[in-house]
K.L.:
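Please read through the structure below; I'll follow up with questions.
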Amino acid sequence: MPELPEVETVRRQLAESLAGLRFVAVARAEPSMLIGGSAESLRAELPGRDVQDVSRIGKFLRVKLGGAAFLTLHLGMTGHFLVSQGRPDSEEYAFDSHTRFLFSLEPADRASENLGARSPSLTWLEFRDIRKFGRVQLTFGAPAERLSLLGPDAWKGEWGVGHLSRRLGGRRAPIKALLLDQAVLAGIGNIYADEILWEAEISPLRPAGALTPAELEVLAKEIPRRLQQGVDLLGCSISDFVDTEGQTGMFQQTLQAYGRQGQMCRRCGQTMRRVIVAGRGTAYCPGCQR
DNA sequence: CCCAAGTCCTGGTTGC
DNA sequence: TGCAACCAGGACTTGG
């Protein structure tokens, strides 16, 4: 599942491979994944705009485009981008049935009268997503409004233990549910939530408001630390995450909690358990996570 | 058939 | 008691 470290891995690659390019055409667009627009409006508005920046908040990517436009992207559960260089003699790009969006780009310094013409240096940007949970939104003047509803970025945002105590205080929901709440902190998903709570030795079932100041301190340290490991290892490929070159990450080799139900806890030796929290499968150690 | 799980939406509950 | 905040669960989606 693409969570913050996976999306950051993709962001870095897109920033690198799309720099200096501009959109030429929209060869494919899945209407059900488009927010606030149609495939027709995307085809009308995107071509000709150059990529100026690729940034990220939580699990959302935002591509800043010429003319004060923004392309907001979310990978959902199974989404990934593939970038490849042009095949000028082939109109039949090798997309498969899960290709939901297909864009072509060319160097932005090419003369504008050549816009849309076949280019020897075409770049293909492909958004594949088996389950169609991904989203694409084109906005003008400002990034998508949904981004303003997000809490600070869990990895790079400026927040501390004070933020946690304010947002978790008095809440009865289990701590894991609030780690997954993107309005509290943006970027944590099911895998990293289990990992962070294991590292912090806190049960995912604990009511968030019942955490002690000491526990909040541990949590505030553990969240960016474990996410940093994910970024350093180029993400977690537990299911089907791959980067824009089709490569897998390595974080899955470090998993201590996620998916380890029934196995021995590597810290205390007890058998790991699986429960449902916030509708999500949750693995934790009843021995040392309190 | 159930399970996986991102986000959004709905309807019921809680507590000030 | 009123009502906003809160919280649980369903919808969506497709392959294993």
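Lettering of chains follows the sequences in order, A, B, ..., and the numbering in each one begins at 1.
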K.L.:
Go along nucleotides 9-14 of chain B 5' to 3' and tag each nucleotide: B for a protein heavy atom under 4.0 Å from its base, S when only backbone or sugar atoms are that close, - otherwise.
P.N.:
-----S
K.L.:
Measure the distance from CG on Asp181(A) to C1' on dC7(C) and round it to the nearest whole Å.
P.N.:
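In whole Å, dC7(C) C1' and Asp181(A) CG are 11 Å from each other.
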K.L.:
What one-letter contact string describes nucleotides 10-16 of chain C from 5' to 3', where B marks a base within less than 4.0 Å of any protein heavy atom, S marks contact via sugar-phosphate atoms alone, and - marks no contact?
P.N.:
--BBBS-
K.L.:
Please tell me if Tyr258(A) has a side-chain N or O lying less than 4.0 Å from either OP1 or OP2 of dA5(B).
P.N.:
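Tyr258(A) to dA5(B) OP1/OP2: side-chain N or O found under 4.0 Å.
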K.L.:
When you check the phosphate oxygens OP1 and OP2 of dT7(B), does a side-chain N or O of Gln182(A) lie under 4.0 Å from one of them?
P.N.:
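For dT7(B), OP1 or OP2 has a side-chain N or O of Gln182(A) closer than 4.0 Å.
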K.L.:
Taking the P atom in each of dT1(C) and dG11(B), what is the distance between them to the nearest angstrom?
P.N.:
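Nearest-Å result for dT1(C) against dG11(B) at atom P: 25 Å.
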K.L.:
Check the side chains of Tyr192(A) and Gln229(A) for a donor-acceptor pair under 3.5 angstrom, ignoring hydrogens and angles.
P.N.:
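No, no side-chain donor-acceptor contact under 3.5 Å.
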K.L.:
Specify whether Phe127(A) and Phe81(A) have parallel, tilted or perpendicular ring planes, treating 30° as the upper limit for parallel and 60° as the lower limit for perpendicular.
P.N.:
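Rings of Phe127(A) and Phe81(A): parallel, as their planes differ by under 30°.
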K.L.:
Specify the separation, in whole Å, of atom CD1 of Ile188(A) and atom P of dT7(B).
P.N.:
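The distance from CD1 of Ile188(A) to P of dT7(B) comes to 11 Å, rounded to the nearest Å.
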K.L.:
Using whole Å, report how far NZ of Lys59(A) lies from C1' of dT7(B).
P.N.:
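Those two atoms, NZ and C1', are 9 Å apart.
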K.L.:
When all nucleic acid strands are considered with a 4.0 Å heavy-atom cut-off, which category describes Gly281(A): base, sugar-phosphate, or nothing?
P.N.:
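Sugar-phosphate contact only - Gly281(A) comes under 4.0 Å of backbone atoms but never of a base.
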K.L.:
Can you check the Leu179(A) CG to dT7(B) P distance for me, whole Å?
P.N.:
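Nearest whole value for this atom pair: 13 Å.
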K.L.:
If I take atom CZ in residue Arg171(A) and atom C1' in nucleotide dA4(C), what distance separates them, rounded to the nearest angstrom?
P.N.:
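One finds 13 Å between C1' of dA4(C) and CZ of Arg171(A), rounded.
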K.L.:
Is there any ring-ring contact (aromatic ring centres under 6.0 Å, His included) pair reaching into residues 219-238 of chain A, and which pairs are they, with sequence neighbours excluded?
P.N.:
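Sorted result for residues 219-238 of chain A: empty, none.
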K.L.:
Counting side-chain heavy atoms from C-beta on, which of dG6(B), dT7(B), dA5(B) comes nearest to Arg146(A)?
P.N.:
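Side chain of Arg146(A) sits closest to dT7(B).
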K.L.:
So does Arg225(A) pair up with Glu199(A), basic N to acidic O under 4.0 Å?
P.N.:
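Yes, charged N to carboxylate O under 4.0 Å.
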K.L.:
List the residues meeting side chain to side chain donor-acceptor pair (under 3.5 Å) with Thr9(A), not counting sequence neighbours, and say none if there are none.
P.N.:
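Listed in chain order: nothing, the list is empty.
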K.L.:
Are Val161(A) and Leu178(A) connected in the hydrophobic side-chain network, where two residues link if heavy atoms are under 4.5 Å apart?
P.N.:
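In one cluster with Val161(A): Leu178(A), yes.
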K.L.:
If I take atom CG in residue Leu205(A) and atom P in nucleotide dC7(C), what distance separates them, rounded to the nearest angstrom?
P.N.:
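Interatomic distance, CG of Leu205(A) to P of dC7(C): 15 Å.
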K.L.:
Expressed in angstrom and rounded to an integer, what is the separation of Leu73(A) atom CG from dG6(B) atom P?
P.N.:
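Checked: the CG to P distance equals 18 Å.
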K.L.:
Whole angstrom is fine here: how far is it from NZ in Lys176(A) over to C1' in dA5(B)?
P.N.:
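Roughly 10 Å, once rounded to whole Å.
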K.L.:
Show me the donor-acceptor pairs, under 3.5 Å and distance only, between side chains in residues 57-69 of chain A and residues at least two apart or in other chains.
P.N.:
unit_1   : atom_1 : unit_2    : atom_2 : d
Lys59(A) : NZ     : Ile188(A) : O      : 3.2
Arg62(A) : NE     : Ser55(A)  : OG     : 2.6
Arg62(A) : NH2    : Ser55(A)  : OG     : 3.3
Lys64(A) : NZ     : Gln52(A)  : OE1    : 3.2

K.L.:
List for me each residue that meets side chain to side chain donor-acceptor pair (under 3.5 Å) alongside Ser165(A), sequence neighbours excluded, and say none if there are none.
P.N.:
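Not a single residue meets the side chain to side chain donor-acceptor pair (under 3.5 Å) criterion with Ser165(A).
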K.L.:
Would you call Arg206(A) and Glu215(A) a salt bridge, taking side-chain N to carboxylate O under 4.0 Å as the test?
P.N.:
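Salt bridge flag = yes for Glu215(A) with Arg206(A).
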